[in-house]
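Below, chain A is the first sequence line, B the second, and so on; all start at residue 1.
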There are 2 protein chains.
Amino acid sequence: MSQEQGNAPEPTLARLTRYLRCLRRLSDEGIQTISSKQLEARLGVLSAQIRKDLSYFGEFGKPGVGYNVQHLLERLSEVMQLDREHRAVIAGAGNLGSALAGYAGFAKSPFRIVGMFDNNFSKIGRLLWNLEIQDIHELPRINQTLGATIGILTVPANAAQEVADIMVDAGIRAILNFAPAHIHVPCHIAARDVDLLRELEILSYYLDRLPAEDEAKSDTAPEADGLDS
Amino acid sequence: MSQEQGNAPEPTLARLTRYLRCLRRLSDEGIQTISSKQLEARLGVLSAQIRKDLSYFGEFGKPGVGYNVQHLLERLSEVMQLDREHRAVIAGAGNLGSALAGYAGFAKSPFRIVGMFDNNFSKIGRLLWNLEIQDIHELPRINQTLGATIGILTVPANAAQEVADIMVDAGIRAILNFAPAHIHVPCHIAARDVDLLRELEILSYYLDRLPAEDEAKSDTAPEADGLDS
DNA sequence: TAGATTGTTAATCGATTAACAATC
DNA sequence: TAGATTGTTAATCGATTAACAATC
C-alpha cells in the first residue's frame, strides 16, 4: 500500500538522488533488473532502508525478482520532478557564479542556466558563457520572460538576504544559497545552503580525531553523506 | 558533568559551526554575554538544543547569567580546531577549482590554499592566484614540503576516486569532494561530499510541493540546513 | 533574596533496522 | 514447487525537546 507523496523524510530524498545516480549508471551498463540487496552492495545503504525509502512513493518491484532498472529510473525521476526541464538563474557573477554558469555537468541534467545577474555596473552587459550579465534589480521584470523557478545565489554574505528577497519577488520558488549566511524565505519557497567554510570547519573537527591508520581500506569513516555511483 | 569529546552527533557539529558564526558576529558587535534563549531567537535553534549541543564538550555558561561571548567563541573554536591554520590543496584546476582557489572568504578563516594540482599538461606550470599549477602525480612528493592536511577535490566524476587515492597517499587526512561521485576512503580519512546537482535535485522535488503563497513571510519552509548569522 | 539560566535527566519524536507474511 | 525478494509492520536506535534541580 503506497503512501501519498509529500511526507517523505529529508534523508530519504537525499538517498533517492543516490539511487537515481546509480540507476542511471545501471541503465547505461545495460543492466535490466536489480534487487534491493544488489543496490545495497553498490551503495552501502541497507536493502531494508532502500525498500522503505521507495515505499514512500509507491510499489516499484516484483517480489522474488527485484526492480526493473528502466522503470524504477523513470518513476523516481518523476517523483523528483527530473522528467522536465528546470530553468535557473544565477545571481552573483563572481568567481563562483561564473564557474557554476560554465559547469559542464548541467548538459545532461534537467537544469538550464537561463540568466546571470549582478549589481556591479562594470560587469552588467558583459558576456559570460553566452549569457549577458544583467542588472539584478531587473530580475523580477526579466524573469517574467525567462520563467526561471530556481535561483542560485553566489553573492557575498552581506548581500545574500537582499538578493534572495529579489528572487522571491521575481517568482523564483527554490533557492540554492552558496553565500555563507542564512537567508530567510517565505514558507512557500524552498531553500538550501551549500557552505564551503562550514564543510571545512566540520572536516577540521575530525582532523586528529580519526582512528589511527592501521586497517586496510574501508569506507566506514565519518563520511557526511555518501554520494554515489 | 562534561562528556568526553569525540562522540558528538554530526548534527551537533553542523550546528556548532552556526553557533560559532553567530558568536563571531556578537563579538564584533561588542556583545559580551548571551543566553541560550537569546541565541535561540537569533538562530532559530531551541535553547535546550543549544545547551545540549554545548554539553557534549564541556560547561561554558553560568546559571542565571548565560555565556561569555568571547570565552565561548574561543572554547568552541578550540573544539572545532579552528584555533590553528589548516593547509589545503586543490586538485582540479577547472572552473570550480579556480573559483575556490580565489575565494576571498578564506582570508579571515583558518584555511589556507597552499597548492593547486591538475593532470592536464597544458595547465601545469601556469599561475593561478599566485599558485603554480602542479602535476597531481607529484602531490605525494610535494606535500612532504607543503604539509597540507586537507584536500579539495574539483575534478570530473570519473577521476574523483583516483585523485582521492593520490591525496590519501600524500598524507591528506580530510577530503572535501565537489565531484558528483562517491569516493571511498580509508576509515582514518574524513570525507564530505558537496554536490551541486544533488542539491538541485532535492530542490526540484520541493518545487510545486510547497504550501501556497498566502501567509506572511516566515522561515519554516523545508530549509535543509540553516546556516546563520 | 528572587529571578534567571544553566547542565542534565527523562520523555518524546522520528528515522533506521530487523523480521516476516505475501507473492512472484 | 522452492527460492528469492518485495512491501510493511514492529523493534530498535538516536536525536530532539521538555522539564527541573542546581546555582549564579
Can you tell me how far [atom2] of [N] sits from [atom1] of [X], to the nearest Å?
X: A/Q49; N: C/dG14; atom1: CD; atom2: P; result: 17 Å
X: A/K37; N: D/dA4; atom1: NZ; atom2: C1'; result: 13 Å
X: A/K52; N: C/dT17; atom1: NZ; atom2: C1'; result: 11 Å
X: A/I50; N: C/dT16; atom1: CD1; atom2: P; result: 12 Å
X: A/D53; N: C/dT16; atom1: CG; atom2: P; result: 7 Å
X: B/R51; N: D/dA21; atom1: CZ; atom2: P; result: 14 Å
X: B/E10; N: D/dA15; atom1: CD; atom2: C1'; result: 13 Å
X: B/Y56; N: D/dG14; atom1: OH; atom2: P; result: 11 Å

Exercise for review: Could you tell me whether the side chains of B/S36 and B/R51 share a donor-acceptor contact shorter than 3.5 Å?
Suggested key: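 Distance-only check passes for B/S36 and B/R51.
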Point to revise | Sugar-phosphate only, base, or nothing, as touched by B/S36 at under 4.0 Å among non-hydrogen atoms | key: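 The answer is sugar-phosphate, as B/S36 gets under 4.0 Å only of primed atoms, P, OP1 or OP2.
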Review point. Taking a pair as Watson-Crick or G-U wobble with both distances under 3.5 Å, which nucleotide is matched to D/dC20?
Key: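 Its partner is C/dG7.
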Practice item. Could you check A/L203 against B/F111 for side chain to side chain contact (heavy atoms under 4.5 Å, CB included), going step by step and ending with a plain yes or no? Key: CA-CA 11 Å; A/L203 284 177; B/F111 305 104; over 6 Å; no
Practice item. Name the residue closer to the 5' end of DNA chain C, choosing between B/S35 and A/V65 according to the nucleotide with the nearest heavy atom. Key: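 Comparing both residues, the 5'-ward one is B/S35.
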Exercise for review: Tell me which of A/L46 and B/F60 sits closer to the 5' end of DNA chain C, going by the nucleotide each one is nearest to.
Suggested key: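 Mapping each residue to its closest nucleotide by heavy atoms, the 5'-most match is B/F60.
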Practice item. Might you confirm whether atom CD of A/E78 has over 12 heavy atoms from other residues, nucleotides or ligands at distances under 6.0 Å? Key: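 Yes, CD of A/E78 has more than 12 neighbouring heavy atoms, counting only those of other groups under 6.0 Å.
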Check your understanding: Would you call A/V45 and A/E40 a side-chain contact if the rule is heavy atoms closer than 4.5 Å?
Key ->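 A side-chain contact under 4.5 Å is absent here.
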